There are 2 protein chains.
Amino acid sequence: MVTQEQIEDFILNGHKEYVPHVSLDCAIFGYHEQQLKLLLIKHKAVFGWCLPGGYIKRTEKLVEAAARNVKERTGVDNLFLQQFKTFGDPNRAKFDEFDEEKWGQILGVKVSRNNWLIDQTISVGFYSITDFSRTVLQPDMMSIDCEWFDIDNLPALEFDHDEMVREALHTMRIHLYHYPIGYNMLPEKFTLTEIHALYETLLGKKLDISNFPKKLIALGLLIKLDEKRSIGPHRSPHLYSFDKERYDEALKNGVVLS
Amino acid sequence: MVTQEQIEDFILNGHKEYVPHVSLDCAIFGYHEQQLKLLLIKHKAVFGWCLPGGYIKRTEKLVEAAARNVKERTGVDNLFLQQFKTFGDPNRAKFDEFDEEKWGQILGVKVSRNNWLIDQTISVGFYSITDFSRTVLQPDMMSIDCEWFDIDNLPALEFDHDEMVREALHTMRIHLYHYPIGYNMLPEKFTLTEIHALYETLLGKKLDISNFPKKLIALGLLIKLDEKRSIGPHRSPHLYSFDKERYDEALKNGVVLS
DNA sequence: ACAAAAGTGTTCGATCTACACCCATGT
DNA sequence: ACATGGGTGTAGATCGAACACTTTTGT
């Protein structure tokens, strides 16, 4: 739980702990049962929906700050996390509309026009993907809500976050062909149909079911287990798991999937 | 020419004009006659070689700041310019080794320990490519030298710039397959051998001469002209030029070359 | 036996690669 | 005519999309 003192300390003294003028924003994609969602937060003071984001501690690497941020919002650790672009247009935040009075009322502390939070900020964009059913959402101290939205039905976002989402989605979909994916989104043991559905959902398009697994199996990323799953009056599908060693190597060196 | 007053003003008041804590560094690749070079500057105060870089004016977009920087160092405008990664490790600049005395002597103005230039900085990396024979080099106010180095024979670089160069080269080579390239590196009219040599040099590997141009021509990026060039006792090669319209479209939407 | 879903196999065409070979040019 | 670099053509291998077909399962 965040106390009022913590909020005040962050607003008044945050620039000592964090690097001013630099922030990061995370497009956290959530997958579960063929649905693709995006995590958004509702900011206390500007009212609208935004990507979750935060500041970088002076002791942190960028990716560590992003991981901390994702962990705080979702409770989930160790995600696939990728920088996709850095945003720095001078008018991206529209601070000329800043209302000192309003911010003071809402946050319970006077935020002056020259507060470090109201100054020009360059933001580093990260994206990550997780299974949204495993997450426990938690708004940050500057927001009042934190929810999953269907990717095809997003509200208009504050700042330049619409553009960020477009770029994140674009980069994520390119990466799908160059990195293995799914380790955190599928159960330990899964069927080909399940991983096929995952790829289709993330890519937002159909993939031929019969051609799809060939490459993954040929690359040795998938291990066929000696187990099947019973799914009622139908043929029982084989279970597969990832070959973690090859998976991690593919994460590091990249692969080509079609 | 940069005057001593300008240097002092930049050091003492630069944080009003520029966004503090954020910089950019440019890996400027230079090509000419099958040689690939990289532009480096020699910093006045830390002595070693670095990538050229600078700060972002509070009125500038990131890419505008990068373009200004490249223009200042090389005199060249309108280059292919791409963000490749943002760097923010807390110890990337090693300011714990900062020597107030030394900096003061070298720069002719007292640089205090809490000067904005000595504080933690996140740097946005850009790369670009140009024909190095057309450039007119110019060190910046903080450097004493500015030179092209052969890409295979670079000195050790200051800060995290070795890593930046690796990442820039890697990204540039991936982009070669997804964007057209050469508009600023080749004469208005050029032969297939010339553009072939350009690609081989940038990629650092051999490409089959006979297969290479087919894709470019099939995509309509190249226009075969009704002219030839006389090259002594050999068959006269055809001249080609870029179809600027298709070229620009390919720049925007991307292409696939093999 | 059947419906439904899993999984396999095969064909066709596009594309890439390697390499042989022909062409043009000035001396 | 010949040496040299420019340029073309083609056979074989590889890859990927499409789709028909077979297998498995519980009722």
Side-chain angles (χ1 to χ4, degrees), chain A residues 33-34 173-174 176-178 180 182 186-187 189-201 203-242 250 254-258, chain B residues 33-34 173-174 176-178 180 182 186-187 189-201 203-242 250 254-258:
Chain A
E33 288 180 355
Q34 302 179 51
R173 284 177 172 166
I174 288 173
L176 273 187
Y177 291 103
H178 299 281
L186 294 170
K189 302 168 180 180
F190 51 87
T191 68
L192 292 183
T193 306
E194 286 169 337
I195 190 172
H196 175 243
L198 168 66
Y199 270 81
E200 280 196 342
T201 306
L203 286 172
K205 69 179 186 187
K206 290 283 169 206
L207 294 174
D208 188 295
I209 176 70
S210 91
N211 299 317
F212 168 76
K214 289 173 186 167
K215 201 73 177 264
L216 287 175
I217 293 170
L219 285 166
L221 288 174
L222 296 186
I223 299 173
K224 191 172 191 167
L225 302 175
D226 273 342
E227 288 178 71
K228 298 185 179 190
R229 172 188 296 166
S230 184
I231 53 160
H234 308 300
R235 179 171 179 172
S236 308
H238 273 99
L239 290 174
Y240 289 76
S241 67
F242 287 109
V255 288
V256 178
L257 300 175
S258 155
Chain B
E33 288 179 353
Q34 301 179 50
R173 285 175 172 167
I174 289 173
L176 274 187
Y177 291 103
H178 299 281
L186 293 170
K189 302 167 180 180
F190 50 87
T191 68
L192 292 183
T193 305
E194 286 170 336
I195 191 172
H196 175 243
L198 168 66
Y199 270 81
E200 280 196 341
T201 305
L203 286 172
K205 68 179 186 187
K206 290 285 171 206
L207 294 175
D208 187 296
I209 177 68
S210 91
N211 299 318
F212 167 75
K214 289 173 187 167
K215 201 73 177 267
L216 287 175
I217 293 170
L219 285 165
L221 289 173
L222 296 186
I223 300 173
K224 192 174 192 166
L225 303 174
D226 272 342
E227 287 178 73
K228 298 185 177 189
R229 173 188 296 167
S230 186
I231 52 159
H234 310 300
R235 179 172 180 171
S236 308
H238 273 99
L239 289 174
Y240 289 77
S241 68
F242 287 110
V255 288
V256 179
L257 301 174
S258 154

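Convention: sequence-line order gives letters A, B, ...; per-chain numbering from 1. What you see is a predicted model, and the numbers here were worked out from it, not measured in a lab.
- Rounded to an integer number of Å, the gap from NE2 of His196(A) to C1' of dA5(C) is 13 Å.
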- Per-nucleotide protein contact string for nucleotides 19-27 of chain D (B base, S sugar-phosphate only, - none; heavy atom under 4.0 Å): B---BBBS-
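- Lys224(B) is linked by a side-chain hydrogen bond (donor to acceptor under 3.5 Å, both in side chains) to nothing, counting only residues two or more places apart in sequence or in another chain.
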Let me check something: any side-chain donor-acceptor pairs from residues 206-214 of chain A under 3.5 Å, sequence neighbours excluded? List them with distances.
residue, atom, partner, partner atom, Å
Asp208(A), OD1, Ser210(A), N, 2.7
Asp208(A), OD1, Ser210(A), OG, 3.1
Asp208(A), OD1, Asn211(A), N, 3.3
Asn211(A), OD1, Lys214(A), NZ, 3.3

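- Closest approach of Glu194(B) and Pro187(B) over heavy atoms only: OE1-CG, 4.4 Å.
- The interatomic distance linking His238(B) (NE2) with dA24(C) (P) rounds to 10 Å, in whole Å.
- Atom CG in Leu257(B) sits roughly 14 Å away from atom C1' in dC16(C) (whole-Å rounding).
- Straight-line distance from the CG atom of Leu222(B) to the C1' atom of dG7(D): 15 Å, rounded to whole Å.
- The nearest whole Å value for the distance from the CG atom in Leu216(B) to the P atom in dT15(C) is 15 Å.
- Whole-Å rounding puts the Glu227(B) CD to dG6(D) P distance at 18 Å.
- Atom CD1 in Ile209(B) sits about 16 Å away from atom C1' in dC21(C), given to the nearest Å.
- For residues 215-239 of chain A, no residue pair satisfies the ring-ring contact (aromatic ring centres under 6.0 Å, His included) rule, not counting sequence neighbours.
- Judged as a side-chain hydrogen bond (donor to acceptor under 3.5 Å, both in side chains), and not counting sequence neighbours, the contacts of Glu200(B) are His196(B).
- Protein atom CZ of Phe212(B) is 16 Å distant from nucleotide atom P of dA18(C), rounded to whole Å.
- With the nearest nucleotide of DNA chain C identified for both Lys215(B) and Lys224(A), Lys224(A) has the one nearer the 5' end.
- Considering only residues two or more places apart in sequence or on other chains, Lys189(B) meets the side-chain hydrogen bond (donor to acceptor under 3.5 Å, both in side chains) condition with Glu227(B).
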